[in-house]
**Student:** 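One structure, as structure tokens, below. Some questions next.
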Amino acid sequence: AQKVTQAQTEISVVEKEDVTLDCVYETRDTTYYLFWYKQPPSGELVFLIRRNSFDEQNEISGRYSWNFQKSTSSFNFTITASQVVDSAVYFCALSSFGAAGNKLTFGGGTRVLVKP
Amino acid sequence: DVKVTQSSRYLVKRTGEKVFLECVQDMDHENMFWYRQDPGLGLRLIYFSYDVKMKEKGDIPEGYSVSREKKERFSLILESASTNQTSMYLCASSTGTGGNQPQHFGDGTRLSIL
């Protein structure tokens, strides 16, 4: 069975601080995909990034960066120079190649609160 | 942009009622999903569908059923609502069968069962 663990339930930072969200996953599949979603207070989950299991290159997109390490089964997410608009719940999720209907397994989410 | 529309943002029903939650997507996606979201538990999959009239149980299907008569519409049914079904319900859709496509979500329905 697949499992995604986000050990941090809530993180509070002051604006302009960096914040790193941890994600650890378990799967027996050799080909799989990892995702990060953002859920702002409005409620809709917004897709941020997808990573393939065979591509361990780190990625940076503006103030966001992702560190994928297969050796530790982790896919961590860093927000650099946080802003109030980054306040949201962030979810890490896992899918397997060929998963029926593209099923996702979600972690419990990490609530990020950025104070001005 | 993909648009997933859920019929209600907030809904209040009584114990024992039959409740319908509707979801429509406009991108011709094959796959549609219903989740419930509860504090500390993340998103849990109730049912999903990968084609018209096809449905598969997710992790917590008890007390729920679904209907997919048309490709764009996926309905979640609470046969006899109970207070432990008070939750946020999220609908999503995706395309493809390779497992690599992101799901696109609606705004959610916050359902209260009194």
Side-chain angles (χ1 to χ4, degrees), chain A residues 1-10 21-25 27-55 66 75 88-111, chain B residues 1-6 8-10 23 25 29-52 54-60 66 68 74 87-111:
Chain A
Q2 298 185 322
K3 186 178 179 181
V4 177
T5 302
Q6 295 179 253
Q8 306 145 308
T9 54
E10 186 164 324
L21 311 181
D22 298 330
C23 173
V24 174
Y25 61 92
T27 181
R28 293 181 179 176
D29 297 315
T30 54
T31 301
Y32 51 89
Y33 307 91
L34 294 159
F35 302 80
W36 275 96
Y37 283 84
K38 173 183 179 180
Q39 186 181 38
S42 58
E44 179 184 354
L45 268 80
V46 177
F47 165 66
L48 295 178
I49 191 172
R50 174 190 61 219
R51 219 63 190 134
N52 304 325
S53 57
F54 43 86
D55 182 2
W66 290 269
F75 185 41
V89 181
Y90 293 85
F91 290 96
C92 181
L94 169 68
S95 175
S96 293
F97 175 73
N102 288 343
K103 276 179 59 178
L104 285 175
T105 300
F106 283 86
T110 299
R111 181 178 299 278
Chain B
D1 275 355
V2 177
K3 185 67 177 174
V4 178
T5 303
Q6 295 185 229
S8 306
R9 286 302 302 270
Y10 300 93
C23 175
Q25 50 95 2
H29 282 172
E30 298 88 351
N31 311 308
M32 295 188 76
F33 308 82
W34 275 107
Y35 295 90
R36 64 176 283 174
Q37 181 179 6
D38 301 289
L41 298 178
L43 275 72
R44 293 180 292 167
L45 182 64
I46 304 171
Y47 268 96
F48 70 99
S49 168
Y50 52 87
D51 202 351
V52 176
M54 304 301 291
K55 60 184 179 184
E56 293 275 345
K57 292 180 180 179
D59 301 316
I60 52 165
V66 290
R68 193 163 181 206
F74 192 36
S87 187
M88 168 74 97
Y89 290 86
L90 291 162
C91 176
S93 72
S94 73
T95 188
T97 57
N100 63 342
Q101 295 301 315
Q103 293 181 14
H104 300 270
F105 285 81
D107 289 341
T109 295
R110 191 167 292 282
L111 175 64

**Student:** So for atom CZ, which belongs to R44(B), do other residues, nucleotides or ligands contribute more than 12 heavy atoms lying within a distance under 6.0 Å?
**Tutor:** yes

**Student:** Using every non-hydrogen atom in the two residues, find where K103(A) and F48(B) come nearest and quote the distance to one decimal.
**Tutor:** CD-CE2, 3.3 Å

**Student:** If we define contacts as heavy-atom pairs under 4.5 Å, which of R51(A), R111(A), Q39(A) has the most with chain B?
**Tutor:** Q39(A)

**Student:** Is a side-chain N or O of Y37(A) found less than 3.5 angstrom from the main chain of Q103(B), in a donor-acceptor match?
**Tutor:** yes

**Student:** Can you tell which part of T9(A) gets under 4.5 Å to a heavy atom of chain B, answering side chain, backbone, both or neither?
**Tutor:** neither

**Student:** Checking heavy atoms, do the side chain of E30(B), its backbone, both or neither come under 4.5 Å from chain A?
**Tutor:** neither

**Student:** Measure R9(B) against the heavy atoms of chain A and call it side chain, backbone, both or neither at under 4.5 Å.
**Tutor:** side chain

**Student:** With the side chain counted from C-beta on, respond yes when L104(A) and L43(B) share a heavy-atom pair under 4.5 Å apart, and no when they do not.
**Tutor:** no

**Student:** Among all residues two or more places apart in sequence or in another chain, which pass the side chain to side chain donor-acceptor pair (under 3.5 Å) test with S53(A)?
**Tutor:** none

**Student:** Quick one, F91(A) and Q37(B) - any side-chain contact, counting heavy atoms below 4.5 Å?
**Tutor:** yes

**Student:** Residues in salt bridge (charged side-chain N to carboxylate O under 4.0 Å, His left out) with R36(B), at least two apart?
**Tutor:** D38(B)

